[in-house]
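Below is one structure; the comments refer to it alone.
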Number of protein chains: 2
Amino acid sequence: MTKKLISAPLPTLKRLPRYLHILQDLKAKGIKQVSATIIAEELGIDSIQVRKDLSTTGIIGKPKIGFELNELIDHIVHFLNWDNMTDAFLVGLGGLGKAILGYDNFKNYGLNIVAAFDTDPELLDTKVHCVGVFDIKKLEDLAQRMKIHIGVLTVPVSAAQEVAEKMVAGGIKAIWNFAPVKLKLPDNIIIENVFLSQSLGVLTHRLAQLKNTEA
Amino acid sequence: MTKKLISAPLPTLKRLPRYLHILQDLKAKGIKQVSATIIAEELGIDSIQVRKDLSTTGIIGKPKIGFELNELIDHIVHFLNWDNMTDAFLVGLGGLGKAILGYDNFKNYGLNIVAAFDTDPELLDTKVHCVGVFDIKKLEDLAQRMKIHIGVLTVPVSAAQEVAEKMVAGGIKAIWNFAPVKLKLPDNIIIENVFLSQSLGVLTHRLAQLKNTEA
DNA sequence: TAGATTGTTAATCGATTAACAATC
DNA sequence: TAGATTGTTAATCGATTAACAATC
(Lines give C-alpha, C1' and ligand atoms only; values in the text may rest on other atoms or scores of the structure.)
Protein backbone atom coordinates (compact mmCIF):
# COMPACT_ATOMS: atom_id res chain seq x y z
CA MET A 1 0.00 0.00 0.00
CA THR A 2 1.25 3.47 -0.87
CA LYS A 3 0.85 6.08 1.81
CA LYS A 4 -1.41 8.89 0.70
CA LEU A 5 0.41 12.09 -0.13
CA ILE A 6 -1.40 15.06 1.30
CA SER A 7 -0.49 18.34 -0.29
CA ALA A 8 1.06 21.36 1.33
CA PRO A 9 1.21 25.11 0.69
CA LEU A 10 3.64 25.94 -2.09
CA PRO A 11 6.08 27.83 0.17
CA THR A 12 6.23 24.81 2.48
CA LEU A 13 6.82 22.48 -0.44
CA LYS A 14 9.73 24.62 -1.59
CA ARG A 15 11.36 24.62 1.82
CA LEU A 16 11.33 20.85 2.20
CA PRO A 17 14.28 20.19 -0.14
CA ARG A 18 16.31 22.71 1.83
CA TYR A 19 15.57 20.92 5.08
CA LEU A 20 16.63 17.71 3.40
CA HIS A 21 20.02 19.16 2.45
CA ILE A 22 20.69 20.10 6.06
CA LEU A 23 19.49 16.76 7.37
CA GLN A 24 21.68 14.78 5.01
CA ASP A 25 24.63 16.86 6.15
CA LEU A 26 23.84 16.05 9.76
CA LYS A 27 23.40 12.40 8.93
CA ALA A 28 26.85 12.30 7.34
CA LYS A 29 28.18 13.62 10.64
CA GLY A 30 26.66 10.66 12.46
CA ILE A 31 23.92 12.63 14.24
CA LYS A 32 20.79 10.64 15.11
CA GLN A 33 18.28 13.25 16.30
CA VAL A 34 17.45 16.78 15.34
CA SER A 35 15.12 19.51 16.56
CA ALA A 36 13.24 22.11 14.54
CA THR A 37 15.31 24.72 16.37
CA ILE A 38 18.54 23.37 14.90
CA ILE A 39 17.20 23.28 11.36
CA ALA A 40 15.77 26.77 11.73
CA GLU A 41 19.06 28.21 12.93
CA GLU A 42 20.93 26.59 10.10
CA LEU A 43 18.64 28.16 7.51
CA GLY A 44 18.01 31.45 9.26
CA ILE A 45 14.26 30.99 9.45
CA ASP A 46 11.70 30.63 12.24
CA SER A 47 11.56 27.34 14.16
CA ILE A 48 7.77 27.46 14.33
CA GLN A 49 7.70 27.47 10.57
CA VAL A 50 10.02 24.49 10.40
CA ARG A 51 7.83 22.59 12.84
CA LYS A 52 4.71 23.36 10.85
CA ASP A 53 6.35 22.46 7.56
CA LEU A 54 7.63 19.16 8.89
CA SER A 55 4.23 18.25 10.30
CA THR A 56 2.77 18.33 6.77
CA THR A 57 4.93 15.32 5.91
CA GLY A 58 3.23 13.35 8.70
CA ILE A 59 6.30 13.03 10.89
CA ILE A 60 5.71 12.86 14.65
CA GLY A 61 8.38 14.26 16.93
CA LYS A 62 9.06 13.82 20.61
CA PRO A 63 8.74 16.77 22.99
CA LYS A 64 12.13 17.78 24.37
CA ILE A 65 13.96 15.41 21.99
CA GLY A 66 12.99 16.46 18.50
CA PHE A 67 12.87 14.13 15.50
CA GLU A 68 14.62 10.89 14.64
CA LEU A 69 16.92 11.97 11.83
CA ASN A 70 16.48 8.92 9.61
CA GLU A 71 12.74 8.89 10.08
CA LEU A 72 12.51 12.59 9.21
CA ILE A 73 14.61 12.18 6.09
CA ASP A 74 12.40 9.28 5.00
CA HIS A 75 9.25 11.32 5.51
CA ILE A 76 10.48 14.27 3.46
CA VAL A 77 11.87 12.05 0.73
CA HIS A 78 8.58 10.19 0.54
CA PHE A 79 6.53 13.38 0.58
CA LEU A 80 8.46 14.70 -2.43
CA ASN A 81 8.21 11.25 -4.02
CA TRP A 82 11.97 11.08 -4.25
CA ASP A 83 11.91 7.50 -3.03
CA ASN A 84 10.46 6.46 -6.38
CA MET A 85 12.73 7.12 -9.32
CA THR A 86 10.67 8.57 -12.17
CA ASP A 87 11.91 8.16 -15.73
CA ALA A 88 12.09 11.33 -17.80
CA PHE A 89 12.95 12.62 -21.25
CA LEU A 90 15.02 15.72 -21.82
CA VAL A 91 14.56 17.78 -24.98
CA GLY A 92 17.09 20.37 -26.13
CA LEU A 93 20.82 19.75 -25.84
CA GLY A 94 22.06 23.31 -25.60
CA GLY A 95 24.36 24.29 -22.78
CA LEU A 96 21.66 24.03 -20.14
CA GLY A 97 20.32 20.70 -21.39
CA LYS A 98 23.78 19.20 -21.34
CA ALA A 99 24.45 20.61 -17.88
CA ILE A 100 21.27 19.01 -16.53
CA LEU A 101 22.11 15.69 -18.17
CA GLY A 102 25.54 15.80 -16.61
CA TYR A 103 24.29 16.58 -13.13
CA ASP A 104 24.07 13.16 -11.54
CA ASN A 105 22.53 14.52 -8.38
CA PHE A 106 19.07 14.61 -9.88
CA LYS A 107 18.99 10.89 -9.22
CA ASN A 108 18.80 11.81 -5.54
CA TYR A 109 15.79 13.93 -6.44
CA GLY A 110 13.85 11.07 -7.98
CA LEU A 111 14.58 12.07 -11.56
CA ASN A 112 16.05 9.57 -13.99
CA ILE A 113 16.63 10.96 -17.46
CA VAL A 114 16.57 7.95 -19.77
CA ALA A 115 16.77 9.62 -23.17
CA ALA A 116 17.51 13.00 -24.74
CA PHE A 117 16.20 14.60 -27.91
CA ASP A 118 17.46 17.26 -30.27
CA THR A 119 17.29 18.25 -33.92
CA ASP A 120 21.02 18.64 -34.44
CA PRO A 121 22.10 15.83 -36.85
CA GLU A 122 25.56 15.83 -35.30
CA LEU A 123 24.15 14.69 -31.98
CA LEU A 124 21.68 12.06 -33.16
CA ASP A 125 22.40 8.49 -32.13
CA THR A 126 25.34 9.60 -30.01
CA LYS A 127 25.45 9.56 -26.23
CA VAL A 128 25.77 12.63 -24.03
CA HIS A 129 26.71 11.90 -20.43
CA CYS A 130 25.80 8.26 -21.05
CA VAL A 131 22.30 9.10 -22.27
CA GLY A 132 21.25 8.31 -25.84
CA VAL A 133 20.22 11.18 -28.10
CA PHE A 134 17.35 10.75 -30.57
CA ASP A 135 15.53 12.78 -33.16
CA ILE A 136 12.63 14.82 -31.80
CA LYS A 137 10.42 13.04 -34.34
CA LYS A 138 10.69 9.92 -32.21
CA LEU A 139 9.71 11.68 -28.99
CA GLU A 140 5.98 11.07 -29.04
CA ASP A 141 6.18 7.41 -29.97
CA LEU A 142 8.97 6.58 -27.53
CA ALA A 143 7.32 8.45 -24.67
CA GLN A 144 4.18 6.40 -25.14
CA ARG A 145 5.96 3.10 -25.40
CA MET A 146 8.21 3.75 -22.43
CA LYS A 147 5.38 5.29 -20.40
CA ILE A 148 7.36 8.45 -19.66
CA HIS A 149 5.59 10.96 -17.43
CA ILE A 150 8.14 13.73 -16.96
CA GLY A 151 9.63 15.93 -19.67
CA VAL A 152 12.51 18.33 -19.16
CA LEU A 153 12.24 21.19 -21.64
CA THR A 154 15.51 22.96 -22.38
CA VAL A 155 14.87 24.15 -25.95
CA PRO A 156 14.91 27.79 -27.14
CA VAL A 157 11.75 29.83 -26.63
CA SER A 158 10.88 29.56 -30.31
CA ALA A 159 10.51 25.77 -30.11
CA ALA A 160 9.15 25.42 -26.59
CA GLN A 161 5.39 25.41 -27.23
CA GLU A 162 5.66 22.97 -30.12
CA VAL A 163 7.89 20.53 -28.24
CA ALA A 164 5.70 20.78 -25.13
CA GLU A 165 2.69 19.77 -27.21
CA LYS A 166 4.59 16.76 -28.53
CA MET A 167 5.40 15.78 -24.96
CA VAL A 168 1.73 15.96 -24.04
CA ALA A 169 0.81 13.95 -27.13
CA GLY A 170 3.27 11.33 -25.96
CA GLY A 171 1.51 11.03 -22.62
CA ILE A 172 3.85 13.17 -20.56
CA LYS A 173 2.05 14.56 -17.52
CA ALA A 174 4.56 16.94 -15.98
CA ILE A 175 6.94 19.37 -17.68
CA TRP A 176 9.98 20.97 -16.09
CA ASN A 177 10.24 24.04 -18.27
CA PHE A 178 13.37 26.16 -18.60
CA ALA A 179 12.22 28.22 -21.60
CA PRO A 180 11.07 31.69 -20.53
CA VAL A 181 7.62 31.39 -22.03
CA LYS A 182 4.16 30.54 -20.75
CA LEU A 183 3.26 27.11 -22.12
CA LYS A 184 -0.35 26.77 -23.19
CA LEU A 185 -1.33 23.21 -22.38
CA PRO A 186 -4.35 21.37 -21.00
CA ASP A 187 -5.14 22.10 -17.36
CA ASN A 188 -4.28 18.62 -16.16
CA ILE A 189 -0.65 18.97 -17.24
CA ILE A 190 1.68 19.91 -14.40
CA ILE A 191 4.09 22.66 -15.41
CA GLU A 192 6.96 23.79 -13.26
CA ASN A 193 8.86 26.74 -14.65
CA VAL A 194 12.45 27.73 -13.95
CA PHE A 195 12.78 31.30 -15.13
CA LEU A 196 16.30 32.46 -14.40
CA SER A 197 15.38 36.01 -15.43
CA GLN A 198 13.07 36.24 -12.40
CA SER A 199 15.84 35.46 -10.02
CA LEU A 200 18.28 37.73 -11.80
CA GLY A 201 15.74 40.55 -11.80
CA VAL A 202 15.43 40.36 -8.02
CA LEU A 203 19.21 40.50 -7.74
CA THR A 204 19.82 43.43 -10.05
CA HIS A 205 16.90 45.42 -8.65
CA ARG A 206 18.11 45.00 -5.10
CA LEU A 207 21.66 45.85 -5.99
CA ALA A 208 20.49 49.05 -7.68
CA GLN A 209 18.42 49.86 -4.61
CA LEU A 210 21.40 49.31 -2.35
CA LYS A 211 23.53 51.65 -4.43
CA ASN A 212 20.80 54.27 -4.40
CA THR A 213 20.42 54.26 -0.66
CA GLU A 214 24.20 54.45 -0.27
CA ALA A 215 24.39 57.46 -2.60
CA MET B 1 19.90 62.36 -12.11
CA THR B 2 18.95 58.74 -11.58
CA LYS B 3 15.31 58.11 -10.89
CA LYS B 4 14.81 56.62 -7.47
CA LEU B 5 14.00 52.93 -7.48
CA ILE B 6 11.23 52.18 -5.04
CA SER B 7 11.00 48.57 -4.02
CA ALA B 8 8.14 46.19 -4.55
CA PRO B 9 6.82 43.01 -2.94
CA LEU B 10 8.89 40.00 -3.93
CA PRO B 11 6.08 38.29 -5.88
CA THR B 12 5.60 41.47 -7.90
CA LEU B 13 9.30 41.72 -8.58
CA LYS B 14 9.33 38.16 -9.88
CA ARG B 15 6.44 38.77 -12.24
CA LEU B 16 7.99 41.81 -13.88
CA PRO B 17 10.45 39.85 -16.06
CA ARG B 18 7.56 37.75 -17.32
CA TYR B 19 5.63 40.84 -18.32
CA LEU B 20 8.71 42.03 -20.11
CA HIS B 21 8.93 38.85 -22.18
CA ILE B 22 5.36 39.32 -23.36
CA LEU B 23 5.86 43.00 -24.08
CA GLN B 24 8.96 42.41 -26.15
CA ASP B 25 7.04 39.83 -28.16
CA LEU B 26 4.29 42.35 -28.80
CA LYS B 27 6.84 45.00 -29.73
CA ALA B 28 8.36 42.67 -32.30
CA LYS B 29 4.89 42.37 -33.81
CA GLY B 30 4.74 46.14 -34.24
CA ILE B 31 2.13 46.77 -31.54
CA LYS B 32 2.26 50.21 -29.92
CA GLN B 33 -0.15 50.01 -26.99
CA VAL B 34 -1.12 47.34 -24.51
CA SER B 35 -3.63 46.95 -21.70
CA ALA B 36 -3.23 45.06 -18.42
CA THR B 37 -6.05 42.82 -19.63
CA ILE B 38 -4.00 41.60 -22.58
CA ILE B 39 -0.94 40.86 -20.48
CA ALA B 40 -3.05 39.08 -17.88
CA GLU B 41 -4.72 36.86 -20.48
CA GLU B 42 -1.38 35.96 -21.98
CA LEU B 43 -0.01 34.83 -18.61
CA GLY B 44 -3.19 33.39 -17.19
CA ILE B 45 -3.24 35.69 -14.18
CA ASP B 46 -5.57 38.41 -12.90
CA SER B 47 -5.60 41.78 -14.68
CA ILE B 48 -5.92 43.64 -11.38
CA GLN B 49 -2.68 42.09 -10.29
CA VAL B 50 -0.96 43.13 -13.50
CA ARG B 51 -2.20 46.70 -13.07
CA LYS B 52 -0.97 46.84 -9.49
CA ASP B 53 2.38 45.31 -10.39
CA LEU B 54 2.93 47.73 -13.25
CA SER B 55 2.05 50.71 -11.08
CA THR B 56 5.00 49.90 -8.81
CA THR B 57 7.33 50.75 -11.70
CA GLY B 58 5.85 54.25 -11.81
CA ILE B 59 4.21 53.88 -15.23
CA ILE B 60 1.04 55.89 -15.80
CA GLY B 61 -1.54 54.46 -18.17
CA LYS B 62 -4.48 55.99 -19.96
CA PRO B 63 -8.02 54.89 -19.12
CA LYS B 64 -9.59 53.02 -22.02
CA ILE B 65 -6.30 52.91 -23.93
CA GLY B 66 -3.84 51.16 -21.66
CA PHE B 67 -0.10 51.71 -21.71
CA GLU B 68 2.35 52.92 -24.34
CA LEU B 69 4.30 49.77 -25.10
CA ASN B 70 7.72 51.38 -25.36
CA GLU B 71 7.21 53.46 -22.28
CA LEU B 72 6.10 50.42 -20.31
CA ILE B 73 9.09 48.37 -21.42
CA ASP B 74 11.40 51.22 -20.42
CA HIS B 75 9.82 51.45 -16.99
CA ILE B 76 10.16 47.74 -16.25
CA VAL B 77 13.69 47.59 -17.63
CA HIS B 78 14.67 50.56 -15.51
CA PHE B 79 12.98 49.19 -12.42
CA LEU B 80 14.98 45.97 -12.70
CA ASN B 81 18.07 48.04 -13.47
CA TRP B 82 18.48 46.20 -16.74
CA ASP B 83 19.22 49.45 -18.54
CA ASN B 84 22.59 49.55 -16.79
CA MET B 85 24.87 46.69 -17.66
CA THR B 86 26.55 45.43 -14.49
CA ASP B 87 29.88 43.63 -14.76
CA ALA B 88 30.09 40.27 -13.03
CA PHE B 89 32.45 37.42 -12.28
CA LEU B 90 31.47 33.78 -12.60
CA VAL B 91 33.16 31.13 -10.49
CA GLY B 92 32.93 27.42 -11.27
CA LEU B 93 33.12 26.15 -14.83
CA GLY B 94 31.18 22.94 -14.49
CA GLY B 95 28.31 22.23 -16.84
CA LEU B 96 26.08 24.88 -15.35
CA GLY B 97 28.78 27.54 -15.24
CA LYS B 98 29.61 26.96 -18.88
CA ALA B 99 25.93 27.03 -19.82
CA ILE B 100 25.45 30.39 -18.12
CA LEU B 101 28.57 31.80 -19.77
CA GLY B 102 27.27 30.66 -23.13
CA TYR B 103 23.83 32.13 -22.67
CA ASP B 104 24.16 35.51 -24.34
CA ASN B 105 20.69 36.57 -23.30
CA PHE B 106 21.81 37.60 -19.86
CA LYS B 107 23.12 40.73 -21.53
CA ASN B 108 19.47 41.67 -21.99
CA TYR B 109 19.09 41.20 -18.27
CA GLY B 110 21.77 43.69 -17.35
CA LEU B 111 24.40 41.08 -16.58
CA ASN B 112 27.81 41.22 -18.23
CA ILE B 113 30.13 38.42 -17.21
CA VAL B 114 33.63 39.77 -17.77
CA ALA B 115 35.74 36.97 -16.30
CA ALA B 116 35.43 33.38 -15.11
CA PHE B 117 37.34 31.50 -12.43
CA ASP B 118 38.10 27.87 -11.76
CA THR B 119 40.75 25.68 -10.17
CA ASP B 120 41.14 23.29 -13.11
CA PRO B 121 44.67 23.87 -14.54
CA GLU B 122 43.45 22.79 -17.98
CA LEU B 123 41.10 25.75 -18.15
CA LEU B 124 43.34 28.49 -16.78
CA ASP B 125 44.25 31.27 -19.18
CA THR B 126 41.97 29.83 -21.86
CA LYS B 127 38.72 31.39 -23.01
CA VAL B 128 35.29 29.84 -22.62
CA HIS B 129 32.56 31.42 -24.72
CA CYS B 130 34.91 34.39 -25.29
CA VAL B 131 35.41 34.97 -21.57
CA GLY B 132 38.86 34.61 -20.01
CA VAL B 133 39.35 31.99 -17.29
CA PHE B 134 41.58 32.73 -14.31
CA ASP B 135 42.76 31.02 -11.17
CA ILE B 136 40.48 31.50 -8.18
CA LYS B 137 43.48 32.87 -6.30
CA LYS B 138 43.22 35.99 -8.43
CA LEU B 139 39.51 36.50 -7.73
CA GLU B 140 39.75 38.82 -4.74
CA ASP B 141 42.37 41.11 -6.20
CA LEU B 142 40.77 41.35 -9.64
CA ALA B 143 37.31 41.96 -8.21
CA GLN B 144 38.64 44.88 -6.22
CA ARG B 145 40.59 46.39 -9.07
CA MET B 146 37.75 46.02 -11.57
CA LYS B 147 35.13 47.12 -9.03
CA ILE B 148 32.99 44.05 -9.63
CA HIS B 149 29.74 43.96 -7.65
CA ILE B 150 28.02 40.76 -8.83
CA GLY B 151 29.32 37.22 -8.44
CA VAL B 152 27.78 34.18 -10.08
CA LEU B 153 28.47 31.12 -7.96
CA THR B 154 28.36 27.81 -9.84
CA VAL B 155 30.81 25.75 -7.82
CA PRO B 156 30.03 22.47 -6.00
CA VAL B 157 28.47 22.72 -2.54
CA SER B 158 31.75 21.80 -0.90
CA ALA B 159 33.45 24.95 -2.23
CA ALA B 160 30.53 27.38 -2.16
CA GLN B 161 30.97 29.00 1.26
CA GLU B 162 34.70 29.51 0.81
CA VAL B 163 34.37 31.02 -2.66
CA ALA B 164 31.49 33.23 -1.53
CA GLU B 165 33.68 34.63 1.24
CA LYS B 166 36.39 35.40 -1.30
CA MET B 167 33.83 37.24 -3.39
CA VAL B 168 32.82 39.34 -0.40
CA ALA B 169 36.47 40.01 0.41
CA GLY B 170 36.85 41.25 -3.15
CA GLY B 171 34.05 43.77 -2.67
CA ILE B 172 31.27 41.85 -4.36
CA LYS B 173 27.89 42.95 -3.05
CA ALA B 174 25.45 40.54 -4.65
CA ILE B 175 25.79 36.80 -5.23
CA TRP B 176 23.72 34.74 -7.63
CA ASN B 177 24.09 31.36 -5.96
CA PHE B 178 23.40 28.05 -7.70
CA ALA B 179 24.93 25.80 -5.02
CA PRO B 180 22.24 24.19 -2.87
CA VAL B 181 23.55 25.53 0.40
CA LYS B 182 22.78 28.46 2.69
CA LEU B 183 25.63 30.93 2.41
CA LYS B 184 26.62 32.54 5.69
CA LEU B 185 27.66 36.05 4.82
CA PRO B 186 27.27 39.55 6.30
CA ASP B 187 23.72 40.91 6.29
CA ASN B 188 24.46 43.62 3.75
CA ILE B 189 25.35 41.08 1.05
CA ILE B 190 22.51 40.39 -1.36
CA ILE B 191 22.07 36.68 -2.00
CA GLU B 192 19.75 35.30 -4.64
CA ASN B 193 19.54 31.53 -4.65
CA VAL B 194 18.57 29.28 -7.53
CA PHE B 195 17.81 25.91 -5.99
CA LEU B 196 16.72 23.56 -8.76
CA SER B 197 15.81 20.90 -6.20
CA GLN B 198 13.02 23.15 -4.93
CA SER B 199 11.43 23.36 -8.32
CA LEU B 200 11.91 19.66 -8.98
CA GLY B 201 10.41 18.80 -5.61
CA VAL B 202 7.24 20.68 -6.47
CA LEU B 203 7.04 18.80 -9.76
CA THR B 204 7.59 15.29 -8.41
CA HIS B 205 5.30 15.85 -5.44
CA ARG B 206 2.48 17.05 -7.65
CA LEU B 207 2.93 14.24 -10.11
CA ALA B 208 2.76 11.71 -7.29
CA GLN B 209 -0.37 13.41 -6.01
CA LEU B 210 -1.95 13.28 -9.45
CA LYS B 211 -1.26 9.58 -9.73
CA ASN B 212 -2.67 8.97 -6.27
CA THR B 213 -5.93 10.74 -6.99
CA GLU B 214 -6.23 8.86 -10.27
CA ALA B 215 -5.70 5.49 -8.55
C1' DT C 1 -22.07 58.80 -25.70
C1' DA C 2 -21.15 54.05 -23.99
C1' DG C 3 -17.81 50.84 -23.03
C1' DA C 4 -13.37 49.81 -21.52
C1' DT C 5 -9.65 50.67 -18.81
C1' DT C 6 -6.97 52.91 -15.17
C1' DG C 7 -5.75 53.80 -10.26
C1' DT C 8 -6.97 53.31 -5.56
C1' DT C 9 -9.34 52.00 -1.46
C1' DA C 10 -11.51 48.12 0.93
C1' DA C 11 -12.35 43.13 1.61
C1' DT C 12 -10.66 38.62 1.41
C1' DC C 13 -7.55 35.06 1.60
C1' DG C 14 -3.63 32.47 2.94
C1' DA C 15 0.86 32.17 5.04
C1' DT C 16 3.65 33.45 8.90
C1' DT C 17 4.20 34.26 13.59
C1' DA C 18 2.67 34.15 18.44
C1' DA C 19 0.80 31.81 22.38
C1' DC C 20 0.39 27.96 25.16
C1' DA C 21 -0.91 23.36 26.89
C1' DA C 22 1.10 18.71 26.70
C1' DT C 23 5.11 15.99 27.59
C1' DC C 24 9.73 13.54 27.61
C1' DT D 1 11.93 18.33 38.71
C1' DA D 2 12.90 22.12 35.37
C1' DG D 3 13.83 23.20 30.84
C1' DA D 4 13.20 22.34 26.15
C1' DT D 5 10.56 20.92 22.55
C1' DT D 6 6.36 19.38 20.15
C1' DG D 7 1.71 20.15 18.11
C1' DT D 8 -2.14 23.10 17.66
C1' DT D 9 -5.11 26.99 18.04
C1' DA D 10 -5.34 32.01 17.61
C1' DA D 11 -3.46 36.51 16.05
C1' DT D 12 -0.97 38.99 12.77
C1' DC D 13 0.75 40.23 8.55
C1' DG D 14 1.02 40.80 3.70
C1' DA D 15 -0.49 39.66 -0.89
C1' DT D 16 -4.37 38.90 -3.84
C1' DT D 17 -8.81 39.98 -5.28
C1' DA D 18 -13.00 42.85 -5.35
C1' DA D 19 -15.30 47.21 -5.79
C1' DC D 20 -15.79 51.49 -7.81
C1' DA D 21 -15.02 56.37 -9.08
C1' DA D 22 -12.47 58.81 -12.69
C1' DT D 23 -11.72 59.24 -17.51
C1' DC D 24 -10.31 58.83 -22.58
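Side chains included, hydrogens not; waters and symmetry mates left out as well; all remaining heavy atoms used. First the proteins, then the strands, lettered A, B, ... as listed; each starts at 1.
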Inset, instruction - Would you kindly give the CG-to-C1' distance between B:L54 and C:dT8, to the nearest whole Å? - result: 15 Å
Legend entry - Nucleotide C:dT6, atom C1' - distance to NE2 of B:H75 in whole Å: 15 Å
Legend entry - Dot-bracket summary - DNA chain D, pairs being Watson-Crick or G-U whose distances fall under 3.5 Å, with | when paired to another strand: ..||||||||||||||||||||||
Inset, instruction - Tell me, please, which residues at least two apart from A:F195 pass ring-ring contact (aromatic ring centres under 6.0 Å, His included). - result: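 Listed in chain order: nothing, the list is empty.
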Inset, instruction - Using ring-ring contact (aromatic ring centres under 6.0 Å, His included) as the criterion, list what pairs up with A:F67, not counting sequence neighbours. - result: none
[X]: which residues meet the side chain to side chain donor-acceptor pair (under 3.5 Å) condition with it, sequence neighbours left out?
{"X": "B:E162", "result": "none"}
{"X": "B:Q33", "result": "B:E68"}
{"X": "B:N70", "result": "B:K27"}
{"X": "B:N193", "result": "B:N177"}

Run the side-chain donor-acceptor check on residues 35-45 of chain A: report pairs under 3.5 Å with partners two or more places apart or on a different chain.
unit_1, atom_1, unit_2, atom_2, d
A:S35, OG, A:T37, N, 3.4
A:S35, OG, A:I38, N, 3.3
A:E42, OE2, B:K184, NZ, 2.7

Atom pairs and distances, donor-acceptor, side-chain atoms in residues 11-22 of chain B, under 3.5 Å, two or more places apart:
unit_1, atom_1, unit_2, atom_2, d
B:T12, OG1, B:D53, OD1, 2.8
B:R15, NE, B:D53, OD2, 2.6
B:R15, NH2, B:D53, OD1, 3.2
B:R15, NH2, B:D53, OD2, 3.3
B:Y19, OH, B:D53, OD2, 2.6
B:H21, ND1, B:P17, O, 3.3
B:H21, NE2, B:Y109, OH, 3.2

Inset, instruction - Do nucleotides 14-24 of chain C as a string where each nucleotide becomes B, S or -: B if the base has a protein heavy atom under 4.0 Å, S if just the sugar-phosphate does, - if no protein is that close. - result: -SSBBB---BB
Would you be so kind as to tabulate the donor-acceptor pairs closer than 3.5 Å made by side chains of residues 100-108 of chain B, with sequence neighbours excluded?
unit_1, atom_1, unit_2, atom_2, d
B:Y103, OH, B:N105, ND2, 3.4

Inset, instruction - State the CZ-CD1 distance between A:F79 and A:I59, to the nearest 0.5 angstrom. - result: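 Interatomic distance, A:F79 CZ to A:I59 CD1, rounded to 0.5 Å: 12.5 Å.
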Inset, instruction - With a 4.0 Å heavy-atom cut-off, tell me which residues in residues 24-40 of chain A come close to DNA chain C, sorted by residue number. - result: none
